[in-house]
Number of protein chains: 2
Amino acid sequence: MPETARISRIRSGRRTDIRQQNERLILDAAERVFAEAGFGGATMQLIADMAGLPKANLHYYFPTKEDLYRRVVQNIFEIWLDAASSFDDAAGPVEGIGAYVEAKMDISRRHPHGSKVWAAEVMHGAPVIQDYLETTLRQWTEGRMSVIQRWIDEGKMAPVDPRHLLYLLWATTQHYADFGHQIETLNAGQPLTDRQWREATESVKQIILRGIGAL
Amino acid sequence: MPETARISRIRSGRRTDIRQQNERLILDAAERVFAEAGFGGATMQLIADMAGLPKANLHYYFPTKEDLYRRVVQNIFEIWLDAASSFDDAAGPVEGIGAYVEAKMDISRRHPHGSKVWAAEVMHGAPVIQDYLETTLRQWTEGRMSVIQRWIDEGKMAPVDPRHLLYLLWATTQHYADFGHQIETLNAGQPLTDRQWREATESVKQIILRGIGAL
DNA sequence: TCGTTTCCTGACCGTATGGTCAATACGAAG
DNA sequence: CTTCGTATTGACCATACGGTCAGGAAACGA
């Protein structure tokens with residue numbers, strides 16, 4: 001890869017770079033618009049404006065609105081699944097679930113739009129990612145459930161239903177993204193500060209870890 | 001009120017009854033459609049079909065789509081606030097929060113559509129109920145927070161941040177409505193049975209009550 | 001029975017939106 | 001410079017949707 005390629009990548013770079021660059025531009029704008037307006041309320045024109053591209057250009061990269069939406073949802077799902085690693089290499093619930101809560105709270109903060117798109121998709125009956133739910137998510141869930149069950153058997157935590165513990169973890173952490181607007185309104189209209197995010201994370205962690213008898 | 005009025009109310013009753021009856025028919029259909037398709041994805045035609053009325057008839061009772069939507073959201077908000085009573089007349093966290101969890105889980109089960117509409121509304125930045133958030137909800141929240149704080153001061157529970165405890169309560173209970181489809185998918189595609197709802201409620205209650213040191 | 005109010009509804013309209021396309025510009029390779 | 005595949009874009013189209021309206025049907029009181 002010659003020097004020139006790296007330098008010119010930023011603006012009007014190589015072919016491949018242009019594609020990647022524009023797709024990212026569009027996906028970022030789409031994520032935001034889908035989150036704020038929903039699939040039905042979002043318009044290709046608005047996404048185009050937000051990405052700084054003509055509408056026809058969007059259809060060049062993403063043939064249909066649904067294609068674009070699908071990509072956005074898939075992106076989120078992957079980020080979401082990556083937080084699993086926190087769970088895996090942990091000796092017990094304090095480290096494992098603690099790290100998982102932290103990872104998911106971090107995602108809620110860094111990808112609030114994505115979280116909302118995901119929530120809306122599920123609320124509408126998962127029209128485009130039903131297969132993911134039935135395959136990947138189901139496997140993931142069963143894997144973690146057995147980890148939790150092992151911890152219970154080893155006496156490292158109280159005997160709570162692993163399934164409902166997982167739901168509780170998802171619900172509480174994602175709430176800070178999905179209901180971020182409500183939280184902000186109840187915070188005198190101000191977004192949470194770094195400190196407040198830390199307090200939120202600690203509160204959630206503390207209640208849950210004590211709740212499962214792991215402290 | 002003469003006998004005839006009571007009898008004929010069911011079909012083609014009195015004037016006033018017709019209005020009430022049709023408004024309810026429309027509101028129920030609207031709640032469902034808005035929940036499943038979002039505001040933008042919902043169509044007046046679909047709501048009309050689901051209510052078994054011609055589209056023009058909807059506009060007779062509700063001038064615009066937004067008027068109809070607003071009514072749906074307000075309905076939910078009221079149901080949602082009513083669960084507050086569980087909180088009020090309680091001696092301590094075990095009774096108060098326990099009853100609140102039960103009430104909210106019950107709402108999640110009985111009004112899943114309403115819960116989804118509410119969630120979507122908040123996710124989109126609360127375009128039509130922002131004033132409710134800033135007035136009613138804020139007052140409600142502060143009231144309950146001071147109740148929780150009193151319990152803490154009286155040594156009836158551990159010193160957790162009341163605000164984040166409330167968020168955790170909302171998040172976990174509403175999750176069973178908003179993410180009901182995901183839960184159903186992870187439950188072998190079957191809706192939760194009576195027994196499973198009871199188990200879910202108990203799991204949530206147990207984790208939270210132990211988590212706040214009230215058990 | 002008659003008059004008045006409420007309710008009902010098919011037909012219609014303007015607009016916004018997703019998507020298409022043909023013409024053009026552009027970058028790279030030879 | 002020429003060629004060729006990729007990227008760009010304004011103009012355009014068909015459709016679906018929210019909303020209107022006029023004419024008529026019920027329902028009710030007198």
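Below, read A as the first sequence line, B as the second, and so on, with proteins coming before strands; counting in each chain starts at 1.
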I want to check one thing: is the phosphate of dA7(D), taken as OP1 and OP2, less than 4.0 Å away from some side-chain N or O of R19(A)?
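Affirmative; the distance criterion is met.
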
What's the [atom1]-[atom2] distance between [X] and [N], to the nearest Å?
X: L25(B); N: dC7(C); atom1: CG; atom2: P; value: 15 Å
X: L53(B); N: dG10(C); atom1: CG; atom2: P; value: 11 Å
X: Q20(B); N: dT6(C); atom1: CD; atom2: C1'; value: 15 Å
X: D49(A); N: dG18(C); atom1: CG; atom2: P; value: 12 Å
X: Q45(A); N: dT15(C); atom1: CD; atom2: C1'; value: 15 Å
X: Q21(A); N: dA7(D); atom1: CD; atom2: P; value: 12 Å

[X]: salt bridge (charged side-chain N to carboxylate O under 4.0 Å, His left out) partners, not counting sequence neighbours:
X: E184(A); answer: none
X: K205(B); answer: E102(B), E202(B)
X: R144(A); answer: D88(A)
X: D89(B); answer: none

Between residues 32-43 of chain B and DNA chain C, which residues have a heavy-atom gap below 4.0 Å?
none

Please give me every residue in residues 55-71 of chain B whose heavy atoms get under 4.0 Å of an atom in DNA chain C, ordered by residue number.
A56(B), N57(B), Y60(B), Y61(B)

Does [X] have any ring pair (Phe, Tyr, Trp, His ring centres under 6.0 Å) partners at least two apart in sequence or in another chain, and if so, which?
X: Y61(B); result: none
X: F34(B); result: F39(B), Y69(B)
X: Y132(A); result: F77(A)
X: H111(A); result: none

Pairs flagged by salt bridge (charged side-chain N to carboxylate O under 4.0 Å, His left out) wherever residues 35-53 of chain B is involved - sequence neighbours left out
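The answer is R32(B)-E36(B).
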
Roughly what angle, to 10°, lies between the helix axis at the start of the helix from dT1(C)-dA30(D) to dG30(C)-dC1(D) and the one at its end, five pairs per end?
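Angle reported: 10°, given to the nearest ten degrees.
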
May I ask you to decide whether D67(A) forms a salt bridge with R71(A), counting only side-chain N to carboxylate O separations under 4.0 Å?
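No salt bridge links D67(A) with R71(A).
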
Decide, yes or no, whether a salt bridge links D131(B) with R138(B) under the criterion of side-chain N to carboxylate O below 4.0 Å.
no

